[in-house]
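None of these values were measured; they are calculated from a predicted model.
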Amino acid sequence: MILAGFLLLAVGAVDLVRQFAARRWIGYLVVAVLLLVLGSVGDALLPMLAAFVVGALWVWCMPDDRPSPAGFWPAVLLGIVSVGAVVTLPERSGAGLIGEVWRLDSPVGAISFDLAVLVVGAAAFLLESANLVVRAALDGEHTWRPVERRELEPTQADAERADGESSASASASEPTAAIDRRSAFQGGRLIGPLERILVLMLTLAAAYPLLAAMLAAKGIVRFPEISRGRETGARAEYFLVGSLVSWVIALGAAFLVWWSANG
């Protein structure tokens, strides 16, 4: 349990830090110190070291400013390792120095230090890291390109004006087009985390009717937008791939927390 918690916490924390373009290294240093303190006081040095390694590999494999060179497979591997750690490794009998003073009660019973780390790590992963995974899945299936291509096609007048431009000006506009395509993800960077946190909470609370109603409401709200792409089905594919990947991540996090609390 503690291994999965540290891995998810490291990955989620570094991705949250990466949202601040200026002086990221300060944020990375803060994350490293946080992991070092938790690992030291919680008698979890090996999980702490593993978290350092996985966090560094994650930043390299899942960049936030370009398509991932490994697709979404790093997330699949992280999920397998986390599930394996929770299912196969027994719960620790003690939590080092902090275990002697740790006490956190909840309506469902006492929450151990290891479980608290796992819950915080899962929540941190759902906030921003899951956005990168969804983006990598969409990039891998090229589902975002058909949606945006029609919006980026120039009009006839634009094409006529472009005939008089130099090749240097044309090449300079290509990065802008790439940025415009990527701008389609900005709205989901807020909606996605909120949705995943709600899925996590409703699943753990066994509020399945509310969960089903929320997911159905999302489809109803997005139906007018999806229906505009009925000729090619690109918008529907974009919606389905992104939503399903996001829901699977949230349900996977809920499974980890549930198993840890009841296993």
Side-chain angles (χ1 to χ4, degrees), residues 1-20 23-64 68 70 72-106 108-130 132-133 197 200 204 249 252-263:
M1 180 193 309
I2 191 63
L3 175 61
F6 266 85
L7 295 182
L8 294 175
L9 180 59
V11 171
V14 296
D15 281 334
L16 289 174
V17 166
R18 283 199 283 178
Q19 303 313 301
F20 304 95
R23 299 183 179 180
R24 288 183 178 179
W25 65 272
I26 298 179
Y28 291 146
L29 181 60
V30 172
V31 172
V33 172
L34 174 63
L35 294 176
L36 180 61
V37 171
L38 290 177
S40 300
V41 301
D43 193 21
L45 296 180
L46 289 180
M48 176 195 67
L49 294 176
F52 281 138
V53 174
V54 170
L57 291 175
W58 181 269
V59 172
W60 177 70
C61 293
M62 301 290 289
D64 62 342
S68 169
F72 62 91
W73 291 109
V76 174
L77 182 59
L78 177 63
I80 293 175
V81 172
S82 299
V83 171
V86 168
V87 173
T88 61
L89 297 179
E91 184 178 358
R92 301 189 305 165
S93 58
L97 295 176
I98 198 172
E100 300 178 0
V101 297
W102 177 268
R103 181 175 179 81
L104 181 60
D105 296 325
S106 72
V108 295
I111 298 177
S112 65
F113 172 76
D114 293 2
L115 180 57
V117 172
L118 178 62
V119 171
V120 173
F125 186 89
L126 294 180
L127 289 178
E128 182 58 33
S129 301
L132 297 181
V133 178
I197 293 297
L200 174 66
L204 293 177
I249 295 173
F255 168 78
L256 289 178
V257 175
W258 175 85
W259 186 282
S260 300
N262 299 279

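- Here the straight-line distance linking atom CG of Leu104 with atom OG of Ser112 works out to 9.5 Å at 0.5 Å rounding.
- The CG atom of Leu132 lies 4.5 Å from the CG atom of Asp15; values are rounded to the nearest 0.5 Å.
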* To do: Apply side chain to side chain contact (heavy atoms under 4.5 Å, CB included) to the pair Val133 and Ser129, showing each step before the final yes or no.
  => CA-CA 6 Å; Val133 178; Ser129 301; 5.5 Å; no

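- In the displayed structure, Leu46 atom CG is contacted under 6.0 Å by at most 12 heavy atoms of other residues, nucleotides or ligands.
- Among all heavy-atom pairs drawn from Val17 and Gly27, the shortest one is CG1-CA, 3.5 Å.
- Within the model, atoms CG of Leu34 and CE of Met48 stand 11.5 Å from one another, a figure rounded to the nearest 0.5 Å.
- Across all non-hydrogen atoms, the minimal contact from Pro47 to Phe6 is O-CB, 3.8 Å.
- Residues Val53 and Leu49 fail the side-chain proximity criterion, which asks for heavy atoms closer than 4.5 Å.
- Between Ile2 and Asp114, the closest heavy-atom pair is CD1-OD1, 3.6 Å.
- Nearest approach of Gly42 to Ile98, heavy atoms of both residues: CA-CG2, 4.0 Å.
- Listed here is the closest heavy atom pair of Val257 and Ala122: CG2-CB, 4.5 Å.
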* Apply the test side chain to side chain contact (heavy atoms under 4.5 Å, CB included) to residues Val83 and Leu256: give CA-CA distance (whole Å), side-chain angles for both, the deciding distance (0.1 Å), then the verdict. => CA-CA 7 Å; Val83 171; Leu256 289 178; 3.8 Å; yes

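- Contact detail for Asp64 and Arg24: the closest heavy-atom pair is OD2-NH2, 3.1 Å.
- Remark: the backbone N or O of Ala124 is not paired with any side-chain donor or acceptor of Glu128 at under 3.5 angstrom.
- Once rounded to the nearest 0.5 Å, the distance linking CD1 of Ile111 with OG of Ser260 reads 12.0 Å.
- To the nearest 0.5 Å, atoms CE (Met62) and CZ (Phe72) are separated by 9.5 Å.
- With rounding to the nearest 0.5 Å, the separation of CD1 in Ile26 from CG in Leu29 is 8.0 Å.
- Looking at Leu38 and Phe113, their side chains come closer than 4.5 Å, going by heavy atoms from C-beta outward.
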